[in-house]
Amino acid sequence: MTGRRAVVIGVGNEYRRDDAVGPVVVHRLERLGIPDVSVAVCDGEPTGLLDLWAGADLAVVVDAVLCEPSTPGRIWRTTIEALRGRTYAASSHALGIPDAVPLGRILGRVPAELVVVAVEAEVVDLGVGLSDPVAAAVPEVLAAVLTELARVGIASAHTRPTSPDSGNGHSCKRPSHQEPGPSPHE
């Protein structure tokens with residue numbers, strides 16, 4: 001390991017409205033200056049994810065998803081185990097987290113633990129600025145990330161813990177910038 005215990009990765013595109021929720025959350029987290037936590041923004045491309053999370057004790061990925069039925073701003077939590085065996089297109093690169101995990105295992109470049117905190121998006125059209133429901137969810141998403149860090153003893157959770165949904169009854173996918181193709185996250 002290269003001295004970092006945890007990495008928080010904001011996946012998304014800051015010029016695609018709600019797809020920017022990951023970058024927005026990591027920029028806020030970065031301002032907290034938590035020791036032993038690295039933060040980064042990534043477009044979700046698998047090799048970029050591998051480079052960012054390799055050697056970490058904990059990797060938390062914050063990402064936007066599209067769900068049916070949709071509740072914009074709803075927060076989901078999933079783990080590496082829940083992603084096992086899923087290989088769906090995930091972004092404009094047609095690959096993503098579910099593809100990075102098996103590749104990372106082969107290359108020995110997976111974190112000890114991977115948690116995905118996903119936020120249901122309302123709009124992922126070209127433009128800047130989060131929709132109202134997603135913007136309203138940002139403090140709760142940040143609290144969910146801090147809770148994950150506190151769970152492994154990295155940061156104390158001075159924010160209220162969240163209970164992101166487990167995904168029952170919903171089908172979610174990463175916003176796509178090319179149709180068809182995003183990946184479901186539950």
Side-chain angles (χ1 to χ4, degrees), residues 7-32 34 37 39-45 49 59-80 82-83 86 88-94 96-98 114-151 155 157-186:
V7 61
V8 180
I9 304 166
V11 173
N13 182 331
E14 295 173 289
Y15 300 103
R16 289 233 180 235
R17 303 286 315 263
D18 290 344
D19 195 31
V21 70
V24 166
V25 169
V26 299
H27 290 312
R28 289 191 184 184
L29 181 67
E30 185 173 36
R31 285 185 277 196
L32 298 177
I34 300 171
V37 177
V39 297
V41 172
C42 180
D43 63 7
E45 195 271 326
L49 289 167
V60 179
V61 177
V62 181
D63 199 1
V65 293
L66 296 171
C67 298
E68 289 297 327
S70 178
T71 306
R74 183 185 310 221
I75 301 166
W76 302 84
R77 178 193 184 278
T78 192
T79 63
I80 195 169
L83 295 174
R86 294 181 179 225
Y88 303 97
S91 68
S92 58
H93 297 283
I97 298 167
L114 171 63
V115 173
V116 178
V117 178
V119 183
E120 286 189 41
E122 182 174 58
V123 60
V124 291
D125 298 333
L126 286 174
V128 295
L130 302 175
S131 66
D132 289 341
V134 173
V138 167
E140 191 173 349
V141 176
L142 181 58
V145 171
L146 290 170
T147 298
E148 292 299 329
L149 295 171
R151 183 180 54 77
H158 294 288
T159 58
R160 66 182 171 90
T162 60
S163 299
D165 289 328
S166 63
N168 294 337
H170 287 71
S171 172
C172 300
K173 59 186 180 180
R174 169 103 175 81
S176 176
H177 311 304
Q178 296 178 350
E179 293 297 330
S183 80
H185 292 282
E186 295 182 339

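Please read these numbers as outputs of a predicted model, since none were measured by experiment. The figures here come from the full heavy-atom set of this structure, side chains too, leaving out hydrogens, waters and symmetry mates.
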Colleague: Any idea which heavy atoms bring Asp19 and Pro23 closest together, and the distance?
Modeller: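 So the minimum-distance heavy-atom pair works out to O-CD, 4.0 Å.
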Colleague: Do you know the tightest heavy-atom contact between Val134 and Ala121?
Modeller: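 Nearest pair, atom of Val134 first, then Ala121: CG2-CA, 4.1 Å.
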Colleague: Looking at every non-hydrogen atom in both residues, tell me the closest pair between Arg17 and Asp125 and how far apart they are.
Modeller: CG-O, 3.2 Å
Colleague: How long is the gap from CH2 on Trp76 to CG on Asp63, to the nearest 0.5 Å?
Modeller: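 So the CH2 of Trp76 and the CG of Asp63 are separated by 14.0 Å.
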Colleague: State, yes or no, whether a side-chain contact exists between Leu32 and Leu146 at a heavy-atom distance under 4.5 Å.
Modeller: yes
Colleague: Between CD of Glu140 and CZ of Arg74, what distance do you get to the nearest 0.5 Å?
Modeller: 11.0 Å
Colleague: Check Ala118 against Val65 and note the closest heavy-atom contact, atom names and distance.
Modeller: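 Scanning both residues completely, I find the closest heavy atoms to be CB-CG1, 3.7 Å.
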Colleague: Identify the residue among Thr147, Leu29, Val117 that makes a side-chain contact (heavy atoms from CB on, under 4.5 Å) with Leu142.
Modeller: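 Running side-chain contact (heavy atoms from CB on, under 4.5 Å) over Thr147, Leu29, Val117 with Leu142 returns exactly one hit, Leu29.
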Colleague: Run through Val62, Val60, Thr78 and flag the one making a side-chain contact (heavy atoms from CB on, under 4.5 Å) with Val116.
Modeller: Thr78
Colleague: Do Asp18 side-chain atoms and Glu122 backbone N/O form a donor-acceptor pair below 3.5 Å?
Modeller: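 Here the side-chain-to-backbone pair exists.
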Colleague: For Ser70 versus Cys67, what's the shortest heavy-atom pair and its separation?
Modeller: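 Ser70 and Cys67 have their closest heavy atoms at CB-O, 3.3 Å.
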Colleague: Restricting to side chain to side chain contact (heavy atoms under 4.5 Å, CB included), what partner residues turn up for Val138, sequence neighbours left out?
Modeller: Val21, Val24, Val25, Arg28, Leu130
Colleague: Nearest heavy-atom pair of Leu126 and Arg16: which atoms, and what distance?
Modeller: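 Closest pair (atom of Leu126, atom of Arg16, distance): CD2-CZ, 3.8 Å.
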Colleague: Scan Val41, Val61, Val145, Val11 and name whichever one has a side-chain contact (heavy atoms from CB on, under 4.5 Å) with Val26.
Modeller: Val41
Colleague: With rounding to the nearest 0.5 angstrom, report the CD1 to CG distance, Ile9 to Leu49.
Modeller: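 It comes to 5.5 Å.
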